[in-house]
Amino acid sequence: MEFLWRVVTDALEALRAFGPAIRDVLGLTLEVSGIATVIGVVIGVPLGVALGAGRFRGRGALTVAVNTGMGMPPVLAGLVLLLFLWNEGPLGAWGLLFTPAAMIAAQALLAIPIAAGVTAGAVRGLAPDAVEQVRALGMGAFGRGVVLGREAWPGVVAAAAAAFGRVVSEVGAVLVVGGNIAGETRVLTTAIVQESRQANFGTALALGVILMVIAVVVNGVLTWLQFREAR
Amino acid sequence: MTAIDVRDLRHDGRGLRLEIGAFSVPEGGRVVLFGPNGAGKTTLLRLLAGTLGGGFAVPAAYLPQRPYLFRGRASRNLHLGLDPAGRLRADALAARLGVGGLGDRPARALSGGERQRIALARVLARPEDIVLLDEPLTALDAADRAVVGRVVAEALADRTAVIVTHDRDDAVMLADTMAVMVAGRIRQMGPVRDVLGLPVDDAVAAVLGVSNAHAGRTIGTDGALVEVDLGGATVWGVGDATGDAVALFGAETVTVYSGRQGTAGSARNRWVGTVGVVRELGRLVEIVVDAAFPVVVVLTPGSVDALGIHVGTVVTVAVKATAVRVVSR
């Protein structure tokens, strides 16, 4: 009991001090996972609407790919990207390995299928009458997609929430392509791994609490958006 | 010019095989697809609208059977898919349909009839020359039907239209041509009055449920009743039509008396004529009496024998005014 109490007091002390190390880690986490989520939503939501309501060749294969991607282990996504970004890899010349850009790319790869899969499910769940009606409005494919995406608004918000939740909590991909370099590519999850390994349990717990606070705040905002009737 | 020309249409739907040898509508023609549930009317319309694939699509404004209003305000829905000129037309139509003041209301808060009228304004404001309407007046209550029907009929003037309905009054009000569909096929197609008055076979007659449809002009009213001049004879019926109108009554509602009976019974409509046609319709007998206009009557074989009816017999036919519906056209 005394051990746990000490860890908790250490964690509280770390949170109270909120030193530059923690601030850097928090800032980079929000930057990397935030941008990755935006990329995931920008690409994944339109893809999901197309998969949910479109009629085109390859829709089945693409749906399987997306559903598989939703369950892809982050560390595998990281490994694949690592191979591309490695010095001798096809994109090695870009020099992106062990930079935040590489971490954003890795997390975006994870976010896209989640955003697409959740959106596709929401669009498929719309009334068939809505899909019939949107085809009757004389709009192009883009316009139809906008109308249906907006109609499936709560599902689209859920897609964004799921994508952010997936990337902010994953450790494998950012560890492999980012390298967990202190002050450069260290984010909350990799920092927790690092501090735990060094038995700095108080700091690790403090970082964990920050991660949870981020999750609560972000999901709170998204839930508010979900309940709000789209105008 | 032919606006719609479909040939050799085959479509296998769930539980329905649609087979249309030829379906064509001239420019400016207004065709009503009439038939029982499951006859394939909506499927044919969706094939024409292109929402079902199949390669038979025509460029058309299309009102689905259950029009859908999307999230947001009624005005957003009213204007969806329209250019600025179309939006102005939609606003004007909405006002005439009695839903002009609902723009700021959330679409989801509207009643069924209000939604239907918003959807109608939206589709009638579209720029296409061909209009496809699936049961445009079904969601409306009786009081609104006549008003809305008139606005729709006006908006369809000079346009080509295909309209699905299972209501004879709507057919008369909105269309000039009627195509009766039974089990995935068009069994009869022709001018609305001809089809209503002379079904080609008993399947069509059963679908139509009416055999007498006569066009004329209203000349007077008496309480709830309207008198229609058919040219040489008049008929009293129920309805609020004025001007050009069609009187509709079923062959089974007509009573036949032998000889010239001026006063028997309470029926207000009474005409004398000679029997022109006698034909067996399954267990019943259909006769056509040539009065000032042809009156189709269905009788049992027993009645035919008792009255001594054969071609050339002089009879009096009578029908109660309450059995006659007068619909404006």
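Order of the sequence lines fixes the chain letters, A, B, ..., with proteins taken first and strands second; residue numbering starts at 1 for each chain. The shown structure was predicted, so the numbers you read here are calculated from the model rather than taken from an experiment.
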Presence of salt bridge, A:R186 and A:D24, under 4.0 angstrom: no
Against chain A, work out which of B:L132, B:V123, B:L82, B:L80 has the most heavy-atom pairs shorter than 4.5 Å and name it. B:L80
Would you call B:R145 and B:D167 a salt bridge, taking side-chain N to carboxylate O under 4.0 Å as the test? yes
Indicate yes or no: does B:E19 engage B:R17 in a salt bridge with an N to O separation below 4.0 Å. yes
Step by step, work out the side-chain contact (heavy atoms from CB on, under 4.5 Å) result for B:I186 and B:M189. CA-CA 7 Å; B:I186 295 179; B:M189 185 162 167; 4.2 Å; yes
Using non-hydrogen atoms and a limit below 4.5 Å, what part of residues 107-140 of chain A faces chain B? A:A127, A:D129, A:A130, A:E132, A:Q133, A:V134, A:R135, A:A136, A:L137, A:G138, A:M139
Looking only at side chains, do B:Y62 and B:E128 share a donor and an acceptor under 3.5 Å apart? no
Are the side chain of B:R168 and the backbone of B:L208 linked by a donor-acceptor contact shorter than 3.5 Å? yes
Heavy-atom proximity to chain B below 4.5 Å, by part of A:R55: side chain
For A:I43 and A:P46, work out which heavy atoms get closest and say how close. O-CD, 3.5 Å
